[in-house]
Amino acid sequence: KYCHELIRESHREFVLSKQDNVVIYWASFLDGLQRVVMFTDDKAEMLKAAEKEQIEQAEFELTASLPSVGLSLIDDRRSMTIAYVSISSSGLTWEFKPFSKKRFRAESYEMCQKLETVYGDPSKAKDCGLVVDFSNPTDLKLIQPKMGSLKRTQHKGIWFQCSLSTRSEER
């Protein structure tokens with residue numbers, strides 16, 4: 001009865017025992033990629049959990065990113081670099097999702113190279129052993145060697161994001 005309500009944000013109560021007047025409350029929500037179902041006998045606790053997960057529009061959002069950052073540790077006396085640490089972007093990566101699945105997964109380095117070659121020059125698709133449909137930039141498809149959706153992404157070297165909403169300012 002409640003199966004379809006567990007796959008989205010929802011909350012409800014159900015009567016466990018009519019004779020003893022026992023009511024159980026539950027709320028379903030996402031915690032990162034994990035689906036959580038919380039059971040409680042406290043209605044206020046259930047409403048609090050359900051309210052926490054309501055989607056709200058951010059009134060202010062700040063995003064800053066750098067493609068790469070390098071840090072050198074230098075010995076001034078000897079004019080010598082002791083250590084160098086660098087954080088850089090991932091470069092372009094391709095992710096694949098079969099039509100029957102819900103999540104994208106990163107492709108192998110070799111497949112990423114082939115897809116990037118074909119993305120730059122679609123006439124090379126046959127040479128790479130691929131059949132693709134890049135006609136719609138928001139809906140990239142791989143037809144062969146396997147069927148599914150493609151996503152071309154690049155992860156920043158270092159980034160920071162801050163969002164403020166009415167509810168977060170009240171706390």
Side-chain angles (χ1 to χ4, degrees), residues 1-12 14 26-39 46 49-73 81 83-168:
K1 181 178 178 179
Y2 299 105
C3 182
H4 295 293
E5 294 180 25
L6 295 177
I7 60 174
R8 64 179 188 270
E9 281 68 19
S10 184
H11 62 281
R12 190 172 288 224
F14 63 90
W26 62 268
S28 172
F29 54 89
L30 282 176
D31 182 18
L33 294 175
Q34 180 88 29
R35 170 68 54 194
V36 176
V37 180
M38 180 191 79
F39 295 94
M46 179 266 300
E51 178 186 288
K52 189 177 185 180
E53 291 303 314
Q54 287 178 347
I55 299 171
E56 56 185 273
Q57 197 72 22
E59 291 181 3
F60 173 79
E61 186 169 287
L62 172 70
T63 303
S65 65
L66 294 171
S68 61
V69 176
L71 178 67
S72 291
L73 182 59
T81 300
Y84 178 75
V85 177
S86 174
I87 298 173
S88 61
S89 65
S90 67
L92 290 169
T93 58
W94 286 85
E95 297 175 359
F96 174 78
K97 175 185 76 76
F99 292 129
S100 61
K101 303 286 181 172
K102 293 184 178 184
R103 295 173 96 196
F104 281 90
R105 305 239 185 247
E107 280 293 323
S108 69
Y109 176 78
E110 293 79 21
M111 182 59 114
C112 287
Q113 293 298 98
K114 288 180 182 180
L115 288 166
E116 196 57 34
T117 300
V118 173
Y119 189 76
D121 185 0
S123 66
K124 294 184 179 179
K126 198 170 191 177
D127 297 338
C128 293
L130 301 176
V131 177
V132 295
D133 179 6
F134 291 158
S135 59
N136 182 353
T138 59
D139 187 24
L140 306 175
K141 291 185 176 95
L142 179 62
I143 313 313
Q144 278 186 351
K146 51 190 175 182
M147 290 188 68
S149 297
L150 290 169
K151 188 164 53 170
R152 186 176 183 244
T153 60
Q154 180 174 17
H155 299 286
K156 312 251 187 306
I158 190 166
W159 60 273
F160 168 81
Q161 185 173 26
C162 176
S163 297
L164 292 177
S165 65
T166 308
R167 240 180 55 207
S168 66

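- The two residues A125 and V118 have their closest heavy-atom pair at CA-CG2, 3.6 Å.
- The shortest distance between side-chain heavy atoms of F99 and M147 falls below 4.5 Å.
- Looking only at side-chain heavy atoms (C-beta outward), T153 and E95 come within less than 4.5 Å of each other.
- Side-chain atoms of L142 and M111, non-hydrogen and from C-beta on, do get closer than 4.5 Å to each other.
- Residues L130 and P145 share a closest heavy-atom pair of CD2-CD, 3.5 Å.
- For the pair L140/D133, no side-chain contact is recorded, criterion being any heavy-atom separation below 4.5 Å from C-beta on.
- Between T117 and C128 the shortest heavy-atom distance is CG2-SG, 4.2 Å.
- E107 has no carboxylate O lying under 4.0 Å from a charged side-chain N of K151, or vice versa, which leaves the two without a salt bridge.
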field: Criterion side-chain contact (heavy atoms from CB on, under 4.5 Å) on K141 and V132, from CA distance to verdict
entry: CA-CA 6 Å; K141 291 185 176 95; V132 295; over 6 Å; no
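- The heavy-atom pair separating Y119 from F134 by the smallest distance is CA-CE1, 3.6 Å.
- In this structure, the side chains of R105 and F96 stay at 4.5 Å or more apart for every pair of heavy atoms.
- Side-chain contact between Q154 and S89: present, with at least one pair of heavy atoms (C-beta onward) separated by less than 4.5 Å.
- In this structure the side chain of L66 reaches within 4.5 angstrom of the side chain of V69, judged on heavy atoms.
- Within 6.0 Å of NZ on K156 lie no more than 12 heavy atoms contributed by other residues, nucleotides or ligands.
- In plain terms, the two heavy atoms of K97 and R103 that are nearest each other are CG-O, 3.4 Å.
- In this structure, the side chains of L71 and Y84 stay at 4.5 Å or more apart for every pair of heavy atoms.
- Rounding to the nearest 0.5 Å gives a distance of 9.0 Å between SG of C112 and CG of L92.
- The structure places CH2 of W94 at 15.0 Å from OH of Y109, a figure rounded to the nearest 0.5 Å.
- Rounded to the nearest 0.5 Å, atoms CD (Q113) and CG (L115) are 10.0 Å apart.
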